[in-house]
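Just so it is clear: chains get the letters A, B, ... in the order the sequence lines come, proteins before strands, and each one is counted from 1.
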There are 2 protein chains.
Amino acid sequence: MDPCQFYKCLSDETRLKSLLIIAELGEACVCHLMTALAIEQPKISRHLAELRKHGVVIDDRRGKWVYYQLHPDLPQWAKTVIDDTRRNNRPYFEQALTQLRTL
Amino acid sequence: MDPCQFYKCLSDETRLKSLLIIAELGEACVCHLMTALAIEQPKISRHLAELRKHGVVIDDRRGKWVYYQLHPDLPQWAKTVIDDTRRNNRPYFEQALTQLRTL
DNA sequence: AACAGATATATGAAATTTCGCATATCAATA
DNA sequence: TATTGATATGCGAAATTTCATATATCTGTT
């Protein structure tokens with residue numbers, strides 16, 4: 001995992017918030033992230049594809065839904081970075097979590 | 001410190017390697033970074049200006065040289081991210097450190 | 001097989017980032 | 001103050017990223 005490439009993955013609001021939500025909940029499907037972030041489906045799919053392409057997440061199709069999780073082989077330092085960010089920036093994605101609970 | 005903005009700062013090779021070198025050594029001046037990374041002066045200066053603009057580093061002029069350090073008010077989580085990256089990706093910037101020692 | 005819901009991808013335009021080169025600024029010293 | 005070494009910035013071109021829209025794919029159901 002090239003650190004610069006990893007940080008490019010985190011350097012977009014849609015991707016970063018998606019990752020933080022996925023890390024917080026353990027997993028999230030596309031329709032959840034659409035609601036949480038209030039964005040269009042192609043946009044979230046394209047950003048998730050980017051994260052998948054670089055080994056940051058894996059996808060898991062269950063029927064019509066596709067669930068995303070952090071990649072289990074993500075290096076420990078990268079997991080630590082995500083977790084550190086998640087625990088210390090709650091206000092950054094709190095509203096997305098709140099929106100998600102309306103489902 | 002907006003986490004997405006912070007990661008944008010880390011998402012360029014010149015900026016990331018500069019930051020890791022600065023974190024490793026405590027401080028570094030522009031001419032050191034030019035040698036370490038083998039890049040032109042205007043390029044390194046512009047990237048350092050970007051880091052300064054977003055509160056990631058501070059500059060300290062001593063005579064003709066300008067030394068850069070991590071911003072002392074950088075949030076702890078951000079310092080932890082940089083340090084975690086530095087300790088676990090030594091090969092990523094090892095050659096730059098080696099080049100630096102030739103001075 | 002036809003259909004509907006959920007997700008992925010193709011494509012071209014718009015926005016942003018990065019770069020190279022020229023030039024400006026700043027500090028020490030002759 | 002003229003000069004030199006070190007660093008910063010202005011600017012247009014090139015490269016990269018992001019987006020909206022349309023369309024394709026995949027799955028479960030009728």
Side-chain angles (χ1 to χ4, degrees), chain A residues 2-19 21-22 25 27-69 71 96 99-100 102-103, chain B residues 2-19 21-22 25 27-69 71 96 99-100 102-103:
Chain A
D2 175 71
C4 187
Q5 190 58 60
F6 175 67
Y7 287 126
K8 275 184 187 162
C9 287
L10 307 197
S11 70
D12 170 89
E13 187 176 353
T14 298
R15 289 194 298 270
L16 181 55
K17 286 189 175 175
S18 295
L19 261 181
I21 291 170
I22 290 169
L25 304 182
E27 65 178 14
C29 78
V30 176
C31 59
H32 290 155
L33 294 171
M34 284 176 62
T35 300
L37 302 176
I39 60 183
E40 299 305 310
Q41 180 269 320
K43 181 169 170 179
I44 189 72
S45 277
R46 199 161 6 78
H47 283 295
L48 288 170
E50 184 83 4
L51 292 175
R52 183 164 18 103
K53 175 182 172 188
H54 292 106
V56 179
V57 300
I58 55 172
D59 61 333
D60 177 22
R61 182 178 276 272
R62 299 180 206 152
K64 282 183 278 193
W65 285 263
V66 176
Y67 288 81
Y68 283 84
Q69 315 176 8
H71 197 300
Q99 196 61 30
L100 199 45
T102 67
L103 289 183
Chain B
D2 175 74
C4 187
Q5 189 58 60
F6 175 67
Y7 288 126
K8 275 185 186 162
C9 286
L10 307 196
S11 70
D12 170 89
E13 187 176 353
T14 298
R15 288 194 300 269
L16 181 55
K17 286 189 174 173
S18 295
L19 261 182
I21 292 169
I22 290 169
L25 304 181
E27 64 178 14
C29 78
V30 175
C31 58
H32 290 155
L33 295 172
M34 284 177 61
T35 301
L37 303 177
I39 60 181
E40 299 305 309
Q41 179 270 319
K43 181 171 170 178
I44 188 73
S45 277
R46 207 161 350 84
H47 282 296
L48 288 170
E50 183 84 3
L51 292 175
R52 185 167 13 109
K53 174 182 171 188
H54 292 107
V56 180
V57 301
I58 55 172
D59 60 334
D60 176 21
R61 181 179 276 274
R62 299 180 207 153
K64 281 184 278 193
W65 285 263
V66 177
Y67 288 81
Y68 283 84
Q69 314 176 9
H71 197 301
Q99 195 62 31
L100 199 45
T102 68
L103 288 183

Filtered N/O pairs between nucleotides 26-29 of chain D and protein, under 3.5 Å:
none

What's touching nucleotides 14-21 of chain C from the protein side, N or O pairs under 3.5 Å?
from	atom 1	to	atom 2	distance (Å)
dT18(C)	OP1	R15(B)	NH2	3.4
dT18(C)	OP2	R15(B)	NH1	3.2
dC19(C)	OP1	K43(B)	NZ	3.0
dC19(C)	OP2	H47(B)	NE2	2.7
dG20(C)	N7	R46(B)	NH2	3.4
dG20(C)	O6	R46(B)	NH2	3.3

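Applying the ring pair (Phe, Tyr, Trp, His ring centres under 6.0 Å) test to Y68(B) and every residue at least two apart in sequence or in another chain returns nothing.
Considering all non-hydrogen atoms of both residues, D2(B) and Q5(B) come closest at OD2-N, 2.9 Å. The heavy-atom pair separating L51(B) from C9(B) by the smallest distance is CD2-CB, 3.7 Å. Closest non-hydrogen pair, G55(A) versus H71(A), comes out as O-CB, 3.2 Å. For the pair L37(B) and T14(B), the tightest heavy-atom approach, listed with the atom from each and the gap, is CD1-O, 4.0 Å. When every heavy atom of L48(A) is checked against every heavy atom of V57(A), the shortest pair comes out as O-CG2, 4.1 Å.
Heavy atoms of other residues, nucleotides or ligands lying less than 6.0 angstrom from CD of E40(A) number 12 at most.
As a whole-Å value, the separation of I39(A) CD1 from dA6(C) P is 17 Å. Across the protein-nucleic acid pair, Y67(B) atom OH and dA27(C) atom P stand 16 Å apart, rounded to whole Å. D60(A) places its CG atom 18 Å from the P atom of dA6(C), with the value rounded to the nearest Å. Between the CG atom of L33(B) and the P atom of dA6(D) there is a distance of 15 Å, rounded to whole Å. Rounded to an integer number of Å, the gap from K17(A) NZ to dT18(D) P is 15 Å. Taking atom CD1 of I44(A) as the reference point, atom P of dT7(C) lies 11 Å away to the nearest angstrom. Rounded to an integer number of Å, the gap from CG of L37(A) to C1' of dT7(C) is 16 Å. D59(B) has its CG atom 18 Å from the P atom of dT25(C), to the nearest Å.
Taking the six-membered ring where tryptophan is involved, the planes of Y67(A) and H32(A) are perpendicular, since the angle between them exceeds 60° and thus also 30°.
For a distance-only test at 3.5 Å, the side chain of Q41(B) qualifies as a donor-acceptor partner of the base of dA8(D).
Y68(A) comes within 4.0 angstrom of the backbone, heavy atoms only, and of no base.
Atom CD1 of I22(A) and atom CZ of R15(A) lie 12.5 Å apart (nearest 0.5 Å).
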